[in-house]
Colleague: 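Could you have a look at this structure, given as structure tokens, before my questions?
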Amino acid sequence: MARRFVLQPRAPAPPAALQIDYAEALDPQQHAAATAPGGATLIVAGAGTGKTRTLTYRVAYLVETGVKPEQIALLTFTRRAAREMIERAGALLDGRCERVRGGTFHAFCLETLRVHAEAIGYPRRFGVLDAADAADVVDLARTRMGLHTLPTRFPKKRTLLAMFSAATNRGIALDDVLTEDYPQYAGHLDLLLDLQRAYAETKRQTGVVDYDDLLALTLRLLTESDDARRAVAGRCRHVLVDEYQDVNALQADLVEQLQSAHGNLTAVGDDAQSIYGFRGADVGHILDFGKRYNGARVLKLEHNYRSTQPILDFANHVLAGAREKYDKRLFTDREGGDRPALVQAPDDDWESRFVAQVVLDKREGGVALDRQAVLFRSGWCSYALEAELTWRGVPFVKYGGLKLAEAAHVKDVVAHLRVAENPADAVAWNRVLRLVEGVGPQTAARLLDWISTATGGAADAGGPQTGGAAVHALRSADDIVPSPAVARNVARLVEALTPLRDGSPPRPGGDALAPEAQVERVLAYYRPVFERVYADDWPQREADLDAVAALAAQHRSRTALLESLALDPLDWSQEAAEGALKDEAPLVLSTIHSAKGLEFDTVFLLHALDGVLPSQYAVRDQDGEDEERRLLYVALTRAETELYCSYPLAQYRRGTGQFLTEPSRFLSGVPEALLEPWSLVEDAAPPEAADAPALPESPPPALPGRGG
DNA sequence: TTTCTACCCATTTTT
DNA sequence: TGGGTAGAAA
């Protein structure tokens, strides 16, 4: 490794002038962390120890002591976390904090590549693929290689993408990924290596990058181009990283590059909350922080301010079962409080009614809806509850689970925008063409060839002329399509796309039409197609199209709209919540993953069933089971005052005809001193009089066969 | 060549 | 449940 000359920050202005009394606002450990001098600092922060608060104060402190906000990079895993911290820092200090450069790793990388990509031979204009798009590109590459007809037992496109992604994110060879995780496909190694190359080449030709490329290309840029590194890392006088336990090899290297100019790095994390192993995260990076950054300061936050002692006792008990023992014991001043409840329900309908009723009771008791959260392992776990809440008129938002942008009909609309944005985008073209009546795989492939010949096949050319060429090519494609009727259909498509590209843009790089007007044009064309393609259920899907139009209105350009759809996809019911009356902050429904870093007065954990949490797909090895256990730990430690873990006695797994009936292995056998067993009973009153189950005052006798 | 229908299969978490 | 496929009908 080259020698580094590390610049120390200039001595800050005398602290007498500070607006915020940091020693007063923070405890000694937090204070030391928030006001740490430059250099590398790792803050090991247990759940609920004020990690976000500390990082927020650190932002304010840095700004207040003279660091320009633009020179602070705050990297997080979700956009929500970054936004929240910057807002809170702004509230603490002043508007200067709003100028801090905060966002996800991926968003930061995208921003960097938009400016500097040419330094590594990439165009600055490129599209960003979400996971489904990327899988389609893999498919395209596979077809082009002639691999579409293959011996059986070849991985599916999503599996292929997962393999390539694992190799990239963990910084290892495909060979090793196969050996470790996909031994059944090890025999296909040569074929898979070819396909990996073909996938990379296809992305390049069609001017698109996937999520991993955003990280990998930025890392390459910073490593290979001294100019770019000076420009990018030079602007990062302080680098702050949240949730460092969840960085993967690529992200850890990126962080190292970003801090290289100034050496000021603050990383915050908790090894006990590492829950992104499936995405290549490796706790080793936080454990070896001191090795990578010689002489790094390691500070600890151990005082839990969030949860009552009974909640903490239970969470600690769960974590203690992990194979790897974490040398950390949280303590709290919050004595008293109820033991967490383990609620057994006959089925998920009962479970939903129970949760809905307790939520409403607590609201009566003064706990606002948005101070309560319902958490679960996977998006589908809350379906029954969502129906119940809707029926009762309880407003809620759901984080995690399916995204709006993942719905087929939304992808259709977006594909039309994408071909206008990037005429070389073969996957988007394919989608658009296949929607034309009478165009199937064969015709679409021929039209695609025709288009790419006309545009020179190079994304690098870019620009409106190329787009004009693509549409022009379609205009003269009558010989390619099977019949005049299909030609007319293609002509309608051409007509719809033309205004998206035609007309000289008012300014370089600008769009001729505002994004919402573009979406309107697309919708005008797409609506009949939509009703034909989704003949069975289009009325239920229709609202999503309006949501896309609404989203478009919030963006300055089509480019920004497409980026936002790829990097910050709207959760399903956020959209519904936008439409609803905003007279009351809604109840929070969230996957555990999406709830990381948040806290609530009352937390409900749904579907605490073996096979769901831990997921039956994750328990194949000990590492997988440990990660599920940490996931449960994350869920439990979101709660401040009350915690309810519930499970239905039987849960039907669709497809397999299999029933899950065991409570989570992490919850069975927990001593009653830690966890109070509950069972539900129906109120004697008829449903019309009391349309919800009554709750027992104290633990009633458990239903036969289980419980306490 | 496209489109429809019947059938089989796996089924998570996120950028 | 829905996504992918194979075979048949148009």
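Computed over heavy atoms, backbone and side chain alike; hydrogens, waters and symmetry mates excluded. Throughout, protein chains are lettered first and strands after them, A, B, ... in sequence-line order, and every chain is numbered starting at 1.
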Colleague: Can you find a side chain N or O atom of A:T443 that sits less than 4.0 Å from OP1 or OP2 on B:dT2?
Modeller: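 Answer is yes, contact under 4.0 Å.
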Colleague: Do we get A:R204 above A:F126's six-membered ring, with its NZ or CZ under 6.0 Å from the centre and within 45° of the axis?
Modeller: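 No, cation not above the ring by the 6.0 Å, 45° rule.
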Colleague: State whether the aromatic ring of A:F278 stacks on the base of B:dT13, taking stacking to mean ring centres under 5.5 Å apart and ring planes under 30° to each other.
Modeller: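 The base of B:dT13 is stacked with A:F278 (centres under 5.5 Å, planes under 30°).
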Colleague: B:dT15 P sits how many Å from A:R279 CZ, rounded?
Modeller: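 Value for this atom pair: 7 Å.
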Colleague: Between A:H593 and A:Y276 (judged by ring centroids, cut-off 6.0 Å), do the two rings come close enough to count as a pair?
Modeller: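 Judged by ring-centre distance (under 6.0 Å), A:H593 and A:Y276 do meet the cut-off.
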Colleague: Looking for any heavy atom pair under 4.0 Å, which part of the strands does A:F105 touch: base, sugar-phosphate only, or nothing?
Modeller: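 No contact at all - A:F105 keeps every heavy atom at 4.0 Å or more from the nucleic acid.
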Colleague: Round to a whole Å and report the spacing from CG of A:D246 to P of B:dT13.
Modeller: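 The answer, rounded to whole Å, is 16 Å.
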Colleague: Between C1' on B:dT13 and NZ on A:K403, what's the gap in Å once rounded to a whole number?
Modeller: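 Taking NZ of A:K403 and C1' of B:dT13, I get 10 Å after rounding.
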Colleague: Heavy atoms under 4.0 Å, any strand shown: does A:K157 hit a base, just sugar-phosphate, or nothing?
Modeller: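 Sugar-phosphate, no base atom in range.
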Colleague: Should A:S594 be listed as having a side-chain N or O under 4.0 Å from OP1 or OP2 of B:dT13?
Modeller: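 False: A:S594 side-chain N/O out of range (4.0 Å or more) of B:dT13 OP1/OP2.
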Colleague: Could you give the CG-to-P distance, from A:L631 to B:dT14, as a whole number of Å?
Modeller: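 Going from A:L631 (CG) to B:dT14 (P), I get 10 Å.
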Colleague: Using heavy atoms to find the nearest nucleotide of DNA chain B for A:G438 and A:A618 separately, return the residue whose nucleotide is more 5′.
Modeller: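 Result: A:G438.
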Colleague: Can a donor-acceptor pair be found between the side chains of A:H409 and A:E542 at a distance below 3.5 Å?
Modeller: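 No, no side-chain donor-acceptor contact under 3.5 Å.
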Colleague: Do you see a donor-acceptor pair shorter than 3.5 Å between the side chains of A:E627 and A:S274?
Modeller: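 Absent: no donor and acceptor within the cut-off.
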Colleague: For A:V439 and for A:A566, find the nucleotide of DNA chain B with the closest heavy atom, then tell me which residue's nucleotide is more 5'.
Modeller: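 Closer to the 5' end of DNA chain B: A:V439.
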Colleague: Any side-chain N or O of A:T591 below 4.0 angstrom from OP1/OP2 of B:dT12?
Modeller: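 Answer no for this pair, as no side-chain N or O of A:T591 is under 4.0 Å from OP1 or OP2.
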Colleague: Does B:dT1 have OP1 or OP2 sitting under 4.0 Å from an N or O in the side chain of A:R446?
Modeller: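 Yes, such a contact exists.
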Colleague: Whole Å only: how far is the CG atom of A:N169 from the P atom of B:dT13?
Modeller: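 Result: 18 Å.
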Colleague: Which nucleotide, B:dT14, B:dT13, B:dT11, lies nearest any side-chain atom of A:Y617?
Modeller: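 In terms of side-chain proximity for A:Y617, the closest of B:dT14, B:dT13, B:dT11 is B:dT11.
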Colleague: Rounded to the nearest angstrom, tell me the gap between atom CG in A:L435 and atom P in B:dT3.
Modeller: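 Going from CG in A:L435 over to P in B:dT3 covers 11 Å.
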Colleague: Choosing from B:dT13, B:dT2, B:dT15, which nucleotide comes nearest the side chain of A:Q442?
Modeller: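 Of B:dT13, B:dT2, B:dT15, B:dT2 is nearest to the side chain of A:Q442.
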Colleague: Side chain of A:S615 only, heavy atoms from C-beta on: which candidate in B:dT15, B:dT1, B:dT12 is closest?
Modeller: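 Looking only at heavy atoms from C-beta outward on A:S615, the closest nucleotide is B:dT12.
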Colleague: Hey, are the side chains of A:P614 and A:R629 touching, using non-hydrogen atoms and a 4.5 Å cut-off?
Modeller: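 Answer no - side chains too far apart.
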Colleague: Measure CG/A:D136 against C1'/C:dG3 and give the value in whole Å, please.
Modeller: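 Checked: the CG to C1' distance equals 12 Å.
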Colleague: Examine the side chains of A:S590 and A:K398 and answer whether a donor and an acceptor come within less than 3.5 Å of each other.
Modeller: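 Short answer, no.
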Colleague: Ignoring the backbone of A:P441, work out which of B:dT2, B:dT15, B:dT13 is nearest its side chain.
Modeller: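 In terms of side-chain proximity for A:P441, the closest of B:dT2, B:dT15, B:dT13 is B:dT2.
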Colleague: Roughly how many Å is it from CZ in A:R434 to C1' in B:dC4, rounded to a whole number?
Modeller: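 My rounded result for the distance is 14 Å.
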